[in-house]
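Working notes, beginning with the structure itself.
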Amino acid sequence: MSRRSKSTTGLAVMFGVMGVLHFVKPEPFEKIVPRQLPRKKELVYASGVAELACAAGLLYPRTRRSAGLLSAGLLAAVFPANVQMALDLNRKGTPWAKAIGFARLPLQIPLIRAALKASREGR
């Protein structure tokens with residue numbers, strides 16, 4: 001059995017929590033879907049399903065390789081929503097919210113690196 005690193009476990013927990021939140025409280029996620037995209041609620045639910053699938057896949061050695069790669073892709077795919085949130089906060093957020101919105105953007109890089117690392121743990 002392949003050992004799971006703390007970063008992989010943390011990533012799985014993050015995806016699990018965020019995936020559940022997409023269903024329990026979808027409104028904040030709908031607000032950050034880029035304006036050009038239609039069917040915001042459906043996109044939020046679809047990304048929630050994807051996050052839950054990634055979370056589950058990261059937990060098991062047999063699926064960790066593909067789940068890690070899918071997780072990296074998902075993190076890249078939702079990046080435009082994070083940019084939209086930062087831009088929205090820049091327009092009408094508090095100075096603290098603006099700082100957090102923009103500070104989050106570079107955090108995608110270590111998350112993607114952790115997902116790619118997880119994909120190598122599945123070998």
Side-chain angles (χ1 to χ4, degrees):
M1 182 188 239
S2 178
R3 291 189 41 83
R4 185 174 63 234
S5 70
K6 289 180 183 177
S7 64
T8 298
T9 301
L11 196 60
V13 169
M14 181 200 74
F15 275 128
V17 169
M18 296 307 291
V20 168
L21 285 174
H22 277 66
F23 292 96
V24 174
K25 192 134 175 79
E27 297 82 13
F29 298 102
E30 290 175 46
K31 289 179 184 176
I32 65 171
V33 173
R35 291 175 200 8
Q36 310 86 296
L37 297 176
R39 300 179 146 191
K40 293 178 183 343
K41 185 172 286 244
E42 290 86 348
L43 288 171
V44 168
Y45 288 154
S47 63
V49 168
E51 288 182 352
L52 291 172
C54 287
L58 288 168
L59 295 175
Y60 299 99
R62 291 182 66 174
T63 56
R64 193 169 300 138
R65 177 172 166 70
S66 59
L69 294 172
L70 291 170
S71 296
L74 179 59
L75 288 163
V78 300
F79 186 72
N82 293 332
V83 170
Q84 184 68 58
M85 181 178 63
L87 293 173
D88 290 345
L89 287 171
N90 192 48
R91 241 186 338 276
K92 54 186 170 185
T94 66
W96 181 244
K98 291 176 188 182
I100 291 172
F102 282 100
R104 287 187 61 195
L105 297 177
L107 293 177
Q108 292 292 107
I109 295 168
L111 290 173
I112 290 170
R113 289 183 71 205
L116 294 173
K117 176 184 171 191
S119 74
R120 292 187 298 274
E121 292 174 11
R123 294 181 178 169

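Keep in mind that what you see is a predicted model, and the values were worked out from it rather than measured.
- Closest approach of Pro106 and Pro110 over heavy atoms only: O-CD, 3.2 Å.
- For residues 74-96, no pair satisfies ring-ring contact (aromatic ring centres under 6.0 Å, His included), with sequence neighbours left out.
- In terms of heavy-atom proximity, Ala12 sits nearest to Leu59 at CB-CD2, 3.7 Å.
- Ala86 approaches Gly101 most closely through the heavy-atom pair CB-O, 3.6 Å.
- Follow the hydrophobic side-chain contacts under 4.5 Å out from Met18 and you reach Ile112 in the same cluster.
- Using a 4.5 Å cut-off on side-chain heavy atoms (C-beta onward), Leu11 and Lys117 make no contact.
- Looking at heavy atoms from C-beta onward, Gln84 lies out of side-chain contact with Val33 at the 4.5 angstrom threshold.
- Leu58 is not listed as a side-chain neighbour of Met14, based on a closest heavy-atom distance of 4.5 Å or more.
- Pairing each heavy atom of Ala97 with each of Leu89, the nearest pair is O-CD1, 3.5 Å.
- Annotation: the span from Arg91 atom CZ to Lys98 atom NZ amounts to 10.5 Å, rounded to 0.5 Å.
- Scanning both residues, Pro34 and Lys40, for their nearest heavy atoms gives O-NZ, 3.2 Å.
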In a table with atom names and distances, give each donor-acceptor pair under 3.5 Å that connects a side chain of residues 66-77 to protein atoms at least two apart or in another chain.
unit_1 : atom_1 : unit_2 : atom_2 : d
Ser66  : OG     : Thr63  : O      : 3.2
Ser71  : OG     : Ala67  : O      : 2.6

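- Here ring-ring contact (aromatic ring centres under 6.0 Å, His included) pairs that include residues 11-52, with residues two or more places apart or in two chains, are His22-Phe29, Phe23-Tyr45.
- Taking both residues in full, the closest heavy atoms of Ala55 and Gly16 are given as CB-N, 3.5 Å, listed atom of the first, atom of the second, then distance.
- Under a 3.5 Å cut-off, the side chain of Arg64 and the backbone N or O of Gly57 do not form any donor-acceptor pair.
- Between Asp88 and Lys31, every side-chain heavy-atom pair lies at or beyond the 4.5 Å cut-off.
- One hydrophobic cluster, built from ILVMFWY side chains closer than 4.5 Å, holds both Val44 and Val17.
- Cluster annotation: Leu43 is connected to Val78 through the hydrophobic network of ILVMFWY side chains, with a link wherever side-chain heavy atoms come within less than 4.5 Å.
- Between the Glu121 side chain and the Thr8 main chain, no donor and acceptor come within less than 3.5 Å of each other.
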